[in-house]
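Report on the following structure.
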Number of protein chains: 2
Amino acid sequence: MKNKRTIRDIADELQLSITTVSLVLNGKAREKRISQEVIERVQKFVREVDYRPNHFARSLRNGKSQIIAFMAEDISNPFFSSIARRIEDRANNSGYKIVYCSTENDPEKARELIRAFKDRSVDAYIITPTEGIEEELKELVAGEVPLMLFDRYFSGLDTGYVVIENEKSTYEAIRHLVDQGYSSIGFVTLDSVQSQMQGRLNGYVKAVTEAGLPEQVLRVPYGSPETSIVDAIRNFLQDNRQLDSLFFSSNYLGAGGLKAIRSLKLSIPEDIGVVAFDDSEIFRMYTPDITSVTQPVEEISLRLVDSILYQLKHEGQQVDTGKYKIALPARLVVRGSSVKNK
Amino acid sequence: MKNKRTIRDIADELQLSITTVSLVLNGKAREKRISQEVIERVQKFVREVDYRPNHFARSLRNGKSQIIAFMAEDISNPFFSSIARRIEDRANNSGYKIVYCSTENDPEKARELIRAFKDRSVDAYIITPTEGIEEELKELVAGEVPLMLFDRYFSGLDTGYVVIENEKSTYEAIRHLVDQGYSSIGFVTLDSVQSQMQGRLNGYVKAVTEAGLPEQVLRVPYGSPETSIVDAIRNFLQDNRQLDSLFFSSNYLGAGGLKAIRSLKLSIPEDIGVVAFDDSEIFRMYTPDITSVTQPVEEISLRLVDSILYQLKHEGQQVDTGKYKIALPARLVVRGSSVKNK
DNA sequence: AAAGCAAGCTAAAACGTTTTAGCGGATTTA
DNA sequence: TAAATCCGCTAAAACGTTTTAGCTTGCTTT
């Protein structure tokens, strides 16, 4: 049971050369003109003894690890973990395993992780990039390693990515608030220059400008603990009594915002309308339920992994990178938190 | 930049043998009596050129992958993803990477995954076992691969594990309901013989029996989609009008239960008291907030990864397996959903 | 002066694959 | 009849480590 059989054992037992066995195993038998009889003999035997090739030896020889790295900002965030969940299956089906890690949006940590993955020659990368790791990404691209960014990207870098139409969907969400009669709309975002946050801000600015409303933006420092987020939002509301609605540009800002609103005993949607970017179970269960810009998690995952697998399959062949620059539409799911007159 | 240097190159450039360089690199120089001067020369040079050993070659030679497999039931469930998050850091710090996968509680899938991991010689396993994979686990144990189960375990198998004191903590939760004056307490669980579910059921039975109350149990089929869960719970409530409180034995049963309760327009905690096993953001944010048996996620993770790392470090040495059979206490967090008289 | 020993290093095997280059012999071509 | 081609297979190199066994050299011992 435990005495691992090697390809050499197989060859000996079948009175064949290692080469022949290897060729059959790798499906190159026909092309190398091994006879049908031998092919079948090998296949049958290999099946019988349940021979399993040694991954290390194979990897050493061909430089491939059959591993894909999944670098999220935080794997315990439902947005990332549900993508992780979906990526997993398709990757497994194609013989790849996934190693994950969380950057915590720390460039230093991200760099180290990429380094470690390089050392292990992972075959491909799926990354939510932190600010400041352009150099490392550039090196990956130069090394022709399949790479997809998601959630955000660097416009200056020629990498594949899957993102959301942030500007457009935020614009529509704000329009929705305007249509509902809200006229003093606050925008709560992170103090970050990342592309997805910029896009959302742009959508907001565009919509309020068009509607002739003032811009009222709160920037919470990146990486704040939840209590600080709640405090910041509470202060924002207290300092700006005229606010009649808030847009939260991420799911955890939304969760913090709800706590802040509750602690001020404001009622939703009468005193304050609410829309959040990124759906979550909390928003669906909250009373009232929260209107949100819902990202197509399923499709994001699909596009990511399919792009990666395609690149892996056609490695070396220079493929059109434009094909991998994907912006998906998000859906505005209107719920009770933003509908005044019922 | 991209011309990877090998240990042979280092040796040549330093006019030394491969062996010597390798010994220095692996910290065996002293013991093999390499001179201090040579040691330093090697170390200095290696640092300068930033030599990175080839993992594949090393693995091929010593059979170690420096990879730990993390098999959850579903990585997108917050309970599992937050454990994943915490395990990751400590593992990385010790030079291990983590591959994850979700069994979906499908034994066939679990078996295949274990098989794939075996092929890749992962160095250790952290697993939420599905029913019916005792054989595979037994083989791992026999192969002396470090292994820890969590969330549940098999009492018939001599493996390490980290679980919760399910019976005790459920008992206390039910006692709490009794103390609050609830006298018709329903228990919503999964149709499963897994140890954690058995434990919770036992705790419930013990508490209601002691209090002289009837047992009223709903078993939802494992793997039901959320809508069926909601329906089942709604029917349970309608068929048993006398029920004045419910205990949900998992977080997603709790979420489903809240929806059912809401759809029946019952109010918590007046019409129906609620306690759930396993905390979640939803329970904290719900109105009223939901009393829950909170698992010590941080400590679970810590114990898992520390046990694994310890076993990895002392491989070969027969260690006391009893040491790795860990049952941690859970904390009853009392919130509004189970407190009648305020 | 021969033997023994330690210090300081190294040659080479082994890990298990994939793949290149090529070998005999039979058949076809010129 | 000699040369070229094809068929079916294989020897051996290469991938980059770790580690066992052992080789010099010079010093100490008897």
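Naming convention: chains lettered A, B, ... in sequence-line order (proteins, then strands); numbering from 1 in each chain.
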Is the terminal nitrogen or CZ of B:Lys325 (NZ for Lys, CZ for Arg) located under 6.0 angstrom from the six-membered ring centre of B:Tyr153 and within 45° of that ring's axis?
no
Give the B/S/- string for nucleotides 12-23 of chain D, one per nucleotide from 5' to 3', where a protein heavy atom under 4.0 Å of the base yields B, of only the sugar-phosphate yields S, and otherwise -.
BBBBBBBBB---
Can you tell me if B:Arg111 uses its side chain to pair, donor with acceptor, with the backbone of B:Gly132 under 3.5 Å?
yes
Quickly work out the B:Arg30 CZ to C:dA7 C1' distance and round it to whole Å.
12 Å
Tell me, with the steps shown, if A:Phe70 and A:Phe117 meet ring-ring contact (aromatic ring centres under 6.0 Å, His included).
CA-CA 10 Å; A:Phe70 179 72; A:Phe117 288 139; over 10 Å; no
When the distance from CD of B:Glu31 to C1' of C:dA7 is rounded to whole Å, what number comes out?
15 Å
Side chains of B:Ser81 and B:Asn77: any donor to acceptor distance under 3.5 Å?
no
Taking the side chain as every heavy atom from C-beta outward, state whether A:Ile87 and A:Ile98 have any atom pair closer than 4.5 Å.
yes
Nearest-Å distance, CD1 (A:Ile34) to C1' (D:dC6)?
14 Å
